[in-house]
Each structure stands twice: as C-alpha cells, then as structure tokens.
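These numbers come from a predicted model, not from an experiment.
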Amino acid sequence: MTTHHRTCHLCEANCGVLVDVEDDRISAIRGDDNDPLSLGYICPKAYAMKDLHEDPDRLVRPMIKREGEWHEAAWDEAVAFAADGIHRVQREHGVSGMASYLGNPSAHHLAAILGGSTFLKALGSKVRFSASSVDQFPRMLAAYFIFGAQLGVPVPDLERTEHLVIMGANPLVSNGSLMTAPGMKRRLREIRERGGKVVVIDPRRTETAKAADEHVFLRPGTDALLMLAIIHVLFAEGLVSLGKCEHRVDGVARLREQAAGFAPELVAEACGIDAATIRRLACEFARAESSAFYSRIGTCVQSYGTLASYLVDVVNILCGRIDRPGGMMFPQPAVPLSSRGHYAKWHSRVRGIPEFGGEIPAATMAEEIETPGQGQIHGIFTLAGNPVLSCPNGTRLDAAFASLDFMVSVDPALNETTRHADVILPPRRTLEDGNYSAVLLQLAVRDTAKFSPAVFEPTPDSKNEWEILGALTAAVAERRERDGDEDGAKRARTMADTFFAKPLEEMLGALVAAGPYGITLQDLMDNPSGMDFGALKEGGLDRLRGHEDKKLHLTHQEIDAELVALRADLEAGEIRGVSLPASSPGNSSSTEDGFLLIGRRQLRSNNSWMHNCPTLIKGRNRCTLLMNVADAARLGVSDGQNVQVRSRVGEVRVPVEITDDMMDGVVSLPHGFGHSRPGIRAKLAAENAGVSMNDLTDDAALEGLMGNGVLTAVPVSVSH
Ligand SMILES: Nc1nc2c(c(=O)[nH]1)N[C@H]1C(S)=C(S)[C@@H](COP(=O)(O)OP(=O)(O)OC[C@H]3O[C@@H](n4cnc5c(=O)[nH]c(N)nc54)[C@H](O)[C@@H]3O)O[C@H]1N2
Ligand SMILES: Nc1nc2c(c(=O)[nH]1)N[C@H]1C(S)=C(S)[C@@H](COP(=O)(O)OP(=O)(O)OC[C@H]3O[C@@H](n4cnc5c(=O)[nH]c(N)nc54)[C@H](O)[C@@H]3O)O[C@H]1N2
Ligand code: SF4
Ligand SMILES: [Mo]
C-alpha cells in the first residue's frame with residue numbers, strides 16, 4: 001500500500017487528505033492530522049474523490065458530435081475540430097461571436113484556472129460569463145468599491161474572534177465559502193468555548209444556526225434593509241469607532257445621513273425581525289471584545305446583493321473590525337493573485353448591464369444568444385460548468401444552447417450543458433495530476449501552502465486542461481495565420497509559445513518564488529502535509545493593492561442610487577417588484593399560495609455534478625421542497641406529498657418536506673438537480689433526477705449593480 005498526500009479539491013475548504021492506494025485502487029481516504037489548515041477534518045464528500053475517479057460514466061476520450069451522434073475521437077482530430085469551429089464562428093461573426101462560460105471547479109484546479117484564463121486571452125472575445133455571476137460577484141464588487149480591489153475580500157479571523165455573525169451562509173454544510181476554513185463545527189465550538197458568541201441570520205434554521213448561540217429569521221431579500229438599520233443604530237448609539245481605519249475612511253458622515261432614514265422600526269416588518277432585536281444585534285456586535293460580520297451567498301444572490309454585501313463591510317469598518325485580530329482580515333497567501341479589476345467599462349449588448357472584471361452576468365447569456373444583431377453570440381466555449389442547471393431560467397438557456405452554431409466544452413461529463421456541445425474535450429482524472437489550490441488559499445483563515453502531487457500515473461493519451469487548452473490555442477493560432485488574421489494569430493501564438501509551452505509545475509514554481517514567503521516548489525514537496533505561515537497577519541490594508549490613496553472609500557454614486565431605490569421600494573412595500581408582506585402579524589411572508597423560494601445546500605451534494613457518486617446519492621430523495629408546518633397545514637399538504645411549484649418562468653413538481661426550520665411563507669429547494677433531460681451520460685444521477693431549482697429562478701430579475709443572478713426570494717406559488 002502507498003499513502004499519498006492531497007488537498008481535497010471538491011469544495012472550498014481545502015482539507016488535507018491521505019489517499020491510500022492498493023493494487024492501483026484507492027483503498028481509503030482519511031483526514032491528514034498534520035495538515036496545518038484542516039487538522040485532520042474531512043467531510044463525507046471526501047470519499048466521493050474515489051467515486052469520481054472511478055466513475056464509469058466519465059468521459060476519457062474526446063467526443064465529437066456528427067449528425068446528432070457522439071463519436072470518440074483522437075486528440076489531434078478533436079482539437080482540430082474544436083479549433084475549426086471556433087475559427088469559423090469568429091471569422092463569420094467577429095471575435096466576440098464566440099463567448100465563454102467558466103464554471104466553479106475551474107477555481108479548484110491549477111491546470112484549469114491558469115489554462116482557462118490564458119486560453120481566454122488567446123480567444124480574444126470580450127463576451128465572458130462565469131459561475132461567479134450567480135455567486136460571489138456582489139461580494140467582490142463591494143470589495144472593489146470599498147477597498148479598491150475585486151479580490152480584496154476580507155475573511156473572518158475565526159481563530160481569534162469573540163463574536164461571529166454569519167448571514168446568508170451555512171458553513172456547517174457548505175464547509176465555508178470566501179472563507180477557506182475546514183472543520184467549521186470545531187471552529188464554531190471553539191469560539192463558544194472561549195466565551196464568544198455565534199449568531200446566524202437566515203430565513204431557515206440551518207445546521208449552522210442549530211450549532212450557534214442565536215438564530216434570527218430574516219425575510220429573504222431584505223439583508224440590505226437589516227444592515228442599514230444596524231448602521232443606523234451604530235450611529236444613534238455612539239458605537240462607531242473606526243480603530244486603525246480612523247484616518248483612512250472616506251464618507252462616514254454622509255453614510256450617517258443615509259442610514260438615518262432606516263431606523264429599526266421602519267424596516268422591522270419588512271425584515272421580519274423586531275426592532276429591539278435589531279438594536280441588540282448591533283450593540284452586541286459593536287461592544288464585543290472582537291467581532292466579525294461574515295455574509296455569503298444568501299446575501300449575494302438577491303436583488304440588492306451588492307448593496308447588502310457592501311453594507312456588511314461597512315458595519316465591520318464602522319466597528320473598527322477590519323484588519324484587526326478577531327475581526328475581518330486579509331490573508332497573505334504564498335501565491336498572491338492580486339487583481340484590482342474594473343467595472344462598467346462597457347455594457348452588455350441586450351440589456352446594457354455593466355461588465356465587472358471583464359464579465360457580463362450569466363443571467364444574460366440566453367438573451368445574448370437569442371437576440372439577433374451585431375455582437376450576437378453564435379458559439380460558446382465552456383470550461384468546468386453546467387449553466388443549464390446552475391443559472392437562472394435553465395429551460396430558456398437549454399434551448400438557447402441548442403440553437404448555437406458551435407459549442408466546445410472542456411469537461412469530463414456529458415451533462416445537461418455539454419450535451420449541446422459539438423465537441424467535448426475531457427481532462428484527465430484529477431488524481432492523475434498535481435494540484436495547487438491557488439485561488440482558495442487567497443481566502444484562508446490561516447496562511448498555509450500545500451502542493452498535491454499526482455496519486456496515479458496519468459492514463460495514457462490523457463491531457464489536463466493546461467495541455468488541452470495549450471493545444472487548442474496553437475491550433476487556433478494556425479488557422480488565424482492561414483487566414484492572414486495577423487493580430488489574432490499573434491495573440492494566440494504568444495499565449496501558446498510563451499505560456500502554454502511551459503510545464504505547469506514550472507509556472508507554479510515561479511509563482512511561489514515571487515510570493516511573500518519566497519519558497520520553492522521543492523519546499524512544498526518537502527512538506528507533504530503543507531507549510532504553515534501562521535495566523536492571519538495585520539497590515540493587510542497596507543499590503544492590498546487597492547485605491548491609490550490607500551483609503552477605504554464609502555462614497556459611490558452607484559451605491560447612492562441603490563439606496564434611493566431601496567428607500568423607494570420600502571415605501572412602496574416591495575423589493576424590486578417582489579411585494580413585501582402587507583402589515584401582517586408575525587413574520588409571515590405568504591399570501592394564500594404565494595411563497596418566497598430560497599435555495600439550500602446539502603452535505604452529500606455539490607452543485608450539479610456529484611449526483612453520479614454512489615456514496616453520496618444513496619439514501620432518501622433529498623430534492624424536496626421544505627415548508628413550514630403552519631404553511632403546510634394552511635395549504636392542506638402532507639409530508640411527502642407532491643406539489644406543483646410555479647414561478648413566472650416555469651414550474652416543477654416536487655415532494656414537500658414539512659419542517660419547523662423554515663420561516664413562515666418561505667420554501668426551499670436545493671439546486672443542481674434536474675437530471676431528467678435526455679442525452680446525458682450519468683446513470684445514477686438520472687435515476688435520482690429530482691428537479692432543477694433554476695427552472696424556477698427568473699433571468700429577468702437581476703441584481704441592481706452588476707446583474708448577478710437573483711436566486712433567492714423568488715416569488716412562487718405552491719399548489720397540489
Ligand atoms: N438556484 C441556485 N443556483 C445556483 C446556486 C444556488 O445556490 N442556487 N449556486 C450557484 C453557485 S455558488 C455556483 S458556484 C454555481 C455552479 O455552477 P457551475 O460551475 O456552472 O456548475 P457545477 O454544477 O459546479 O458544474 C461543474 C462542472 O464542472 C465539471 N468538472 C468537475 N471537475 C472538473 C475538472 O476537474 N475539470 C473540468 N474541466 N471540469 C470539471 C463537472 O463535470 C460539471 O460539468 O451554481 C450556482 N447556481
Ligand atoms: N455540501 C456542499 N458544499 C458546498 C456546495 C454544495 O453545493 N454542497 N457548494 C459550494 C459553493 S459553489 C459555494 S459558493 C459555497 C456556498 O456556501 P454558503 O454561502 O455557505 O452557501 P449555502 O449553504 O447555500 O448558504 C446560504 C444560506 O443563505 C440562506 N439564505 C437564502 N436566502 C437568503 C437571504 O435572502 N438572506 C439571508 N441572509 N440568507 C439567505 C440560505 O437559507 C442558506 O442557509 O458552498 C460550497 N460548498
Ligand atoms: S469539506 Fe470540502 S474539502 Fe473538506 S473533505 Fe469535504 S468536500 Fe473535501
Ligand atoms: Mo459557488
């Protein structure tokens with residue numbers, strides 16, 4: 001038997017694992033006690049690494065579709081086919097006639113993230129989409145506004161905080177996000193054991209809420225109102241104390257005026273939280289020895305997502321919690337990926353949505369494909385994504401993909417999205433490749449570094465994303481050269497010759513050597529469980545490559561406009577067109593059969609792509625609609641009964657699961673299911689198909705500042 005050290009690549013937590021191999025098969029996957037970040041913790045998903053490695057449905061050969069039939073192909077043939085298609089679309093419809101979509105796992109693989117970003121430069125199309133715009137973009141845009149860097153997202157100093165507020169996140173199940181922090185259960189327990197407090201604000205009494213000191217139900221979509229009321233209290237009670245940010249924050253006085261109109265009493269009913277509780281939350285946060293206000297996807301994927309995320313940062317700033325031990329701090333990773341980013345340099349063609357970091361929102365993908373005219377999308381390149389199940393109005397997107405002239409996917413799965421491709425280029429199995437978690441270690445609650453060497457020899461004639469995209473880039477360059485497209489050829493040729501020509505490990509070696517610890521690849525190899533650079537360090541605000549004046553900026557016309565819109569909405573009794581409850585007793589958000597739909601994550605699932613893993617999918621049907629006891633009684637539905645859920649864009653039929661854990665008037669569906677579409681190759685997933693929540697989410701609803709997908713507080717009706 002041999003034992004191999006790896007970092008689990010399945011979610012953001014980055015747990016150190018030991019993979020035991022006997023006779024060329026994985027015999028065990030265990031937590032690595034010596035990993036300085038995870039200290040031996042793993043979750044049940046770790047075992048899915050074996051399922052994924054052995055998945056019989058995984059594509060191992062490139063696939064070309066001809067007259068509707070899939071055929072295995074040699075790499076040369078498939079790469080040439082892909083390059084021909086891309087070149088044809090770009091020649092006929094312009095460079096940006098070929099769009100791209102990068103999915104979530106690309107952030108977990110060095111080969112994919114470096115390969116993807118380098119290939120997109122060669123491709124040259126400005127029409128880029130990714131899973132980030134159905135996820136954390138609002139959090140990043142808030143960081144861009146305030147700190148001047150889209151990757152300048154602070155993380156809670158879990159190892160030292162005395163008071164942690166968790167809003168719109170369920171880290172006990174998700175294992176944390178924009179907060180690389182394996183072992184959340186232990187971490188929360190330790191905060192409480194040292195006399196600290198953990199508060200969860202969420203429309204569902206989640207697994208995390210149950211492990212906290214206090215849970216507060218919040219009406220979905222109203223986070224910005226709650227934060228404004230908290231800011232109002234901080235000013236009214238004289239609790240603003242900027243600490244080390246004293247001379248580096250702009251716009252505090254103005255903010256005070258803006259928050260004046262949002263007294264707790266004014267927002268209480270809309271938020272479903274009484275004013276006294278809001279006051280207490282604010283005071284406890286400000287008065288704690290140390291405190292960190294952490295918000296995540298629930299707060300992002302709403303119509304005021306950027307404003308809400310921004311106001312969370314503001315609360316941390318006003319209480320002097322930024323860049324301070326026990327507060328919100330900036331990690332110092334071994335490979336810093338500093339990127340200032342940009343915003344609103346240009347706008348999407350159809351709805352005029354501002355770009356952010358060079359992308360336009362995934363929720364606009366379908367309209368950009370369907371709407372004729374100059375700049376229409378005719379082809380798409382997807383890498384590690386399944387937007388048909390993960391983006392709003394999946395039904396429409398599904399049809400839009402079917403109408404494309406050409407599509408190429410770099411993905412190991414033939415799934416709901418890649419079934420529309422003309423050619424699929426599958427990367428080799430993850431455990432056959434080395435890896436370094438460059439993106440997620442940017443956001444870790446402790447500074448560490450670790451390289452994961454390959455566990456298995458590569459399957460003969462297999463390629464990773466770096467190699468696939470390198471070959472594709474060279475092939476595209478050739479076609480452009482042949483056609484005399486000098487600029488395009490040069491762009492692709494430069495990428496192929498100067499970047500892709502280097503082995504990935506050489507790229508990594510250069511990156512760590514240039515980092516703050518000046519380590520070498522050999523150092524990483526010599527420390528198979530990882531290198532520990534200690535607890536989060538102060539000075540992050542100085543290290544950040546943010547605003548030129550090194551200040552935190554709290555005055556932005558975009559934010560002002562959102563505040564005006566929110567104020568008007570509050571007066572009109574709605575949140576961007578979704579009605580707030582009429583002066584109703586208690587927390588109720590429901591009207592007869594009308595509900596607000598929210599999502600949920602589950603420990604044995606990960607977005608759309610792990611339902612073909614036997615160890616995860618076994619057991620009861622988990623694609624259920626959670627509904628509160630009183631709502632179920634009112635509708636006359638019983639546990640397990642199938643109901644029809646309708647939204648503006650679609651409907652699904654799904655069994656109800658009755659619970660005490662939902663807020664009145666709010667129902668919850670997990671996303672990532674819906675494997676009943678024909679033509680996918682995932683036997684177990686198809687047998688446990690469930691329904692897709694994104695056949696209900698609405699692509700007409702966009703977040704106000706950069707058009708992030710609105711995946712929560714979706715108005716639906718439920719009937720039987
Ligand atoms: N309603 C609702 N919708 C949501 C969310 C929600 O909470 N509610 N969450 C959103 C969030 S946070 C996210 S991140 C998105 C995710 O959205 P996507 O990233 O579009 O979807 P995934 O389901 O993660 O699909 C991952 C794809 O990557 C492939 N893959 C896996 N490993 C590799 C690899 O090593 N290399 C390559 N090349 N491909 C690989 C898989 O086969 C699969 O096709 O979904 C979003 N959608
Ligand atoms: N097991 C598992 N782990 C995962 C994933 C997975 O699919 N499964 N996905 C990974 C990915 S891609 C990501 S981005 C992370 C996400 O990690 P988290 O951000 O922790 O995601 P969720 O568990 O969806 O938690 C979101 C919470 O927001 C709540 N919520 C919904 N609407 C609102 C609202 O309007 N306001 C507030 N305040 N709360 C609201 C929901 O009830 C839910 O508890 O998880 C990662 N980890
Ligand atoms: S928490 Fe995430 S990284 Fe850790 S074992 Fe589970 S899936 Fe892997
Ligand atoms: Mo995500």
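Looking at S437 and N14, their side chains do bring a donor and an acceptor atom within 3.5 Å of each other. Side chains of Y517 and D523: no donor on one and acceptor on the other come within 3.5 Å. With 3.5 Å as the limit, one finds a donor-acceptor pair spanning the side chains of R296 and S177. No side-chain donor from either of R139 and S309 sits under 3.5 Å from a side-chain acceptor of the other.
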Practice problem: Begin with the C-alpha distance, continue with both residues' side-chain angles, and end with the deciding distance and a verdict on side chain to side chain contact (heavy atoms under 4.5 Å, CB included) for L307 and L705. | Solution: CA-CA 8 Å; L307 178 63; L705 289 183; 5.8 Å; no
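Atom-to-atom distance recorded for Q332:CD and L544:CG is 11.5 Å, nearest 0.5 angstrom.
Applying the side-chain hydrogen bond (donor to acceptor under 3.5 Å, both in side chains) test to T299 and every residue at least two apart in sequence or in another chain returns D223.
Shown here for D35 and L37, the closest heavy-atom pair between the two residues is OD1-N, 2.8 Å. What you find for N104 and A131 is that their closest heavy atoms are N-CB, 3.9 Å. Annotation for Y41 and G183: closest pair CD2-N, 3.3 Å, computed over non-hydrogen atoms.
When the options T206, N170, N607 are evaluated for a side-chain hydrogen bond (donor to acceptor under 3.5 Å, both in side chains) with R601, the one that passes is N607. Applying salt bridge (Lys or Arg N to Asp or Glu O under 4.0 Å) to D323 and the options R248, K244, R543, K537 leaves one that passes, K244.
Residue E538 qualifies as enclosed at atom CD: its count of foreign heavy atoms under 6.0 Å is above 12. Heavy-atom neighbours of E246 CD from other residues, nucleotides or ligands within 6.0 Å: above the threshold of 12. Atom CZ of F533 is surrounded by more than 12 heavy atoms from other residues, nucleotides or ligands within 6.0 Å.
Between F145 and H556, the ring-plane angle classifies as tilted under the 30° and 60° cut-offs.
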